Number of protein chains: 2
Amino acid sequence: MSVRIFRGHERVDAIAADDRGLNYGDGLFETILVHAGEPVWWPEHWRRLAYGAQRLGIPLPEEAPLLAEARSLCAGQDRAVLKLVLTRGSGGRGYAPPADPRPTCVLSLHPLPPPAPAHIALRWCDTPMAVQPALAGIKHLNRLENVLARSEWSDPDIFEGLLCDTAGRVVCATAANVFARIDGIWRTPDLALAGVAGIARDWLLAHEDRMEVTVMGRETVESADAVFLCNAVRGILPVARLGARHWPVDPVTTDLRRRLAAAQPAFAFQE
Amino acid sequence: MSVRIFRGHERVDAIAADDRGLNYGDGLFETILVHAGEPVWWPEHWRRLAYGAQRLGIPLPEEAPLLAEARSLCAGQDRAVLKLVLTRGSGGRGYAPPADPRPTCVLSLHPLPPPAPAHIALRWCDTPMAVQPALAGIKHLNRLENVLARSEWSDPDIFEGLLCDTAGRVVCATAANVFARIDGIWRTPDLALAGVAGIARDWLLAHEDRMEVTVMGRETVESADAVFLCNAVRGILPVARLGARHWPVDPVTTDLRRRLAAAQPAFAFQE
């Protein structure tokens with residue numbers, strides 16, 4: 001794993017023990033696909049990071065020097081994953097944020113995960129997601145819910161798990177957003193109360209017709225005509241199974257994947 | 001700040017960039033008062049850490065070598081704060097916990113915070129605490145709610161803020177538990193759905209009569225005959241004011257403080 005750590009814009013050797021990212025999860029992250037030596041959807045990732053930083057009151061570092069560092073890490077990588085972690089920096093005793101925080105930024109390069117099956121199997125997770133409007137939508141570092149949900153199964157045939165909030169509304173998978181087609185409309189959960197607004201989800205909502213953000217229960221997903229997951233590393237993942245429910249290969253989803261790949265060639269490998 | 005970092009029981013120089021504590025808040029912590037060179041309430045802190053580790057599925061390190069390290073850090077310190085952070089260790093891409101985690105433990109020594117006023121002033125925080133039974137009660141590293149709540153005010157006359165959960169039930173202060181006396185009974189919020197079960201709170205519930213764990217709303221606290229906060233660093237903090245509500249000095253609270261100091265001499269400095 002190649003890693004570069006910055007305190008403000010100064011390169012440093014290590015994460016400080018009093019970093020608020022470690023002590024409180026006081027920060028944000030982005031998981032970015034690397035393709036042909038370039039971070040994919042960088043502007044979209046940066047925009048989400050900026051929005052999260054504004055929500056948490058963390059000063060956003062300058063973009064240009066970090067992008068230059070990111071590019072230099074990605075150089076020569078045909079396919080990889082770039083992770084960016086931004087924390088409020090040092091100050092790990094006492095919750096009050098320092099008056100003049102010097103954020104920490106960690107850039108790390110990782111191998112692409114093994115390819116997903118062409119049609120994935122899901123399960124329902126028992127771990128609920130908390131309703132927390134103050135944190136919903138942003139990709140913050142408080143991810144114990146995702147960790148506990150992902151710990152629920154080890155069966156390698158199950159690719160992902162779906163989570164509901166404490167009121168029983170579907171939110172997302174542990175590391176992806178979910179779309180379910182009902183009466184010709186793709187519906188994806190509203191994330192005002194829980195969940196992370198994914199970059200691939202945003203792309204779909206912005207570029208495709210017949211998409212709707214809504215509140216849905218388990219039965220909506222289970223009775224849908226087709227279901228897929230999506231995230232910024234894997235693109236669109238058609239779902240073949242959720243518990244006892246099976247779905248056939250869905251030409252509409254195949255078509256969506258083609259249009260995503262046409263718009264963003266990094267996802268063309270899925271074809 | 002003196003710091004010692006361990007991976008398993010091996011001393012290491014730095015926190016790894018892929019530590020799950022940093023990446024997901026996947027861990028726990030304890031904030032321990034140091035008095036006369038010794039960590040105060042160590043067995044109680046260790047028991048809570050063990051309980052949290054069991055809840056999160058993090059292997060608990062052996063106690064004896066860590067206690068020896070803690071003692072050696074605390075040696076010669078008349079009054080200080082020892083912080084212990086335990087994380088699931090490395091493995092920061094992908095939520096699935098490693099099959100064979102090697103936990104990280106960070107011990108750090110900090111100066112005692114400035115003394116609290118003899119009678120403190122509180123406010124209500126707007127940030128709600130999420131209802132999350134999977135995480136309630138334990139002192140995990142997902143503390144953005146506390147950070148956001150503590151960011152709500154900078155008035156130095158306000159010592160602490162009280163939080164309610166998303167359903168309006170009182171939970172705790174940003175870094176303390178709360179007790180309110182009604183009809184001669186000290187009532188403290190039930191923490192099955194949110195909040196951290198504090199060591200000082202546990203001590204009071206185990207050693208004092210006329211204590212009750214209950215569900216309470218704001219109005220219960222505001223109409224109480226007396227209110228105090230407590231935590232393991234500061235002991236019992238009598239409350240003089242909450243918004244417009246003022247309380248006179250309360251002899252019953254003074255008495256409780258005396259009994260705590262008699263049982264645990266580290267808190268005798270409050271007298």
Side-chain angles (χ1 to χ4, degrees), chain A residues 1 3-5 13-27 29 31 55-57 81 83 85 87-88 92-97 99 104 106 108 110-111 113 126-135 140-151 154 166 174-175 193-194, chain B residues 1 3-5 13-27 29 31 55-57 81 83 85 87-88 92-97 99 104 106 108 110-111 113 126-135 140-151 154 166 174-175 193-194:
Chain A
M1 187 178 68
V3 182
R4 299 186 189 175
I5 305 168
D13 288 335
I15 314 285
D18 69 346
D19 193 281
R20 296 174 63 94
L22 173 69
N23 286 276
Y24 305 136
D26 191 4
F29 72 112
T31 305
R55 289 265 302 271
L56 297 183
V81 172
K83 184 163 175 171
V85 173
T87 84
R88 206 184 303 266
R93 262 281 304 134
Y95 292 122
T104 300
V106 183
S108 58
H110 306 258
D126 295 327
T127 307
M129 295 216 95
V131 167
Q132 179 45 284
L135 297 174
H140 56 72
L141 294 174
N142 278 202
R143 299 264 73 108
L144 269 172
E145 291 175 341
N146 306 62
V147 170
L148 291 180
R150 186 58 191 80
S151 308
S154 52
T166 45
T174 69
L193 299 179
Chain B
M1 189 179 65
V3 182
R4 298 185 192 177
I5 305 168
D13 289 336
I15 314 286
D18 69 346
D19 194 279
R20 296 174 62 94
L22 172 70
N23 286 276
Y24 305 136
D26 191 4
F29 72 112
T31 305
R55 289 266 302 271
L56 297 183
V81 173
K83 184 164 176 171
V85 173
T87 84
R88 204 186 302 266
R93 262 279 302 132
Y95 292 122
T104 300
V106 183
S108 59
H110 306 258
D126 295 325
T127 306
M129 294 216 97
V131 167
Q132 178 47 284
L135 297 173
H140 57 71
L141 294 174
N142 279 201
R143 300 263 74 107
L144 269 172
E145 291 174 341
N146 306 62
V147 170
L148 291 180
R150 186 59 191 80
S151 308
S154 52
T166 45
T174 70
L193 300 179

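Throughout, protein chains are lettered first and strands after them, A, B, ... in sequence-line order, and every chain is numbered starting at 1. Everything quoted here is computed from the prediction, not taken from an experiment.
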Chain A contact via B:Ser154 - side chain, backbone, both or neither, heavy atoms under 4.5 Å: neither
Heavy-atom side-chain proximity of B:Leu144 to A:Asp26 below 4.5 angstrom: yes
Interchain contact, A:Thr166 with chain B, by part (heavy-atom threshold 4.5 Å): side chain
A:Leu22 and B:Asp19, any side-chain heavy atoms less than 4.5 Å apart: yes
Max heavy-atom pair count under 4.5 Å with chain A, selected residue of B:Leu56, B:Asp126, B:Thr87: B:Leu56
Top contributor to chain A interface from B:Lys83, B:Arg88, B:Met129 [non-hydrogen pairs under 4.5 Å]: B:Lys83
Note, A:Leu148 side chain near B:Leu135 side chain (heavy atom, < 4.5 Å): yes
Max heavy-atom pair count under 4.5 Å with chain A, selected residue of B:Val106, B:Asp13, B:Leu141: B:Leu141
Point-to-point distance, once rounded to the nearest 0.5 Å, from CZ of B:Phe29 to CG of A:Asn23: 7.5 Å
Residue selection (most heavy-atom pairs with chain B, distance under 4.5 Å) from A:Asn142, A:Val81, A:Thr127: A:Asn142
Option that, when pairs with chain B are counted at under 4.5 Å, heavy atom only, ranks first among A:Ser151, A:Ala14, A:Ala99: A:Ser151
Distance in Å, B:Thr174 OG1 paired with A:Tyr95 OH, rounded so as to fall on 0.5 Å steps: 7.5 Å
Heavy-atom contact with chain B under 4.5 Å, split by part of A:Thr104: neither
Validation row: B:Thr31, A:Arg93 side chains within 4.5 angstrom (heavy atoms): yes
Region of A:Val85 that comes under 4.5 Å of a non-hydrogen atom in chain B: side chain
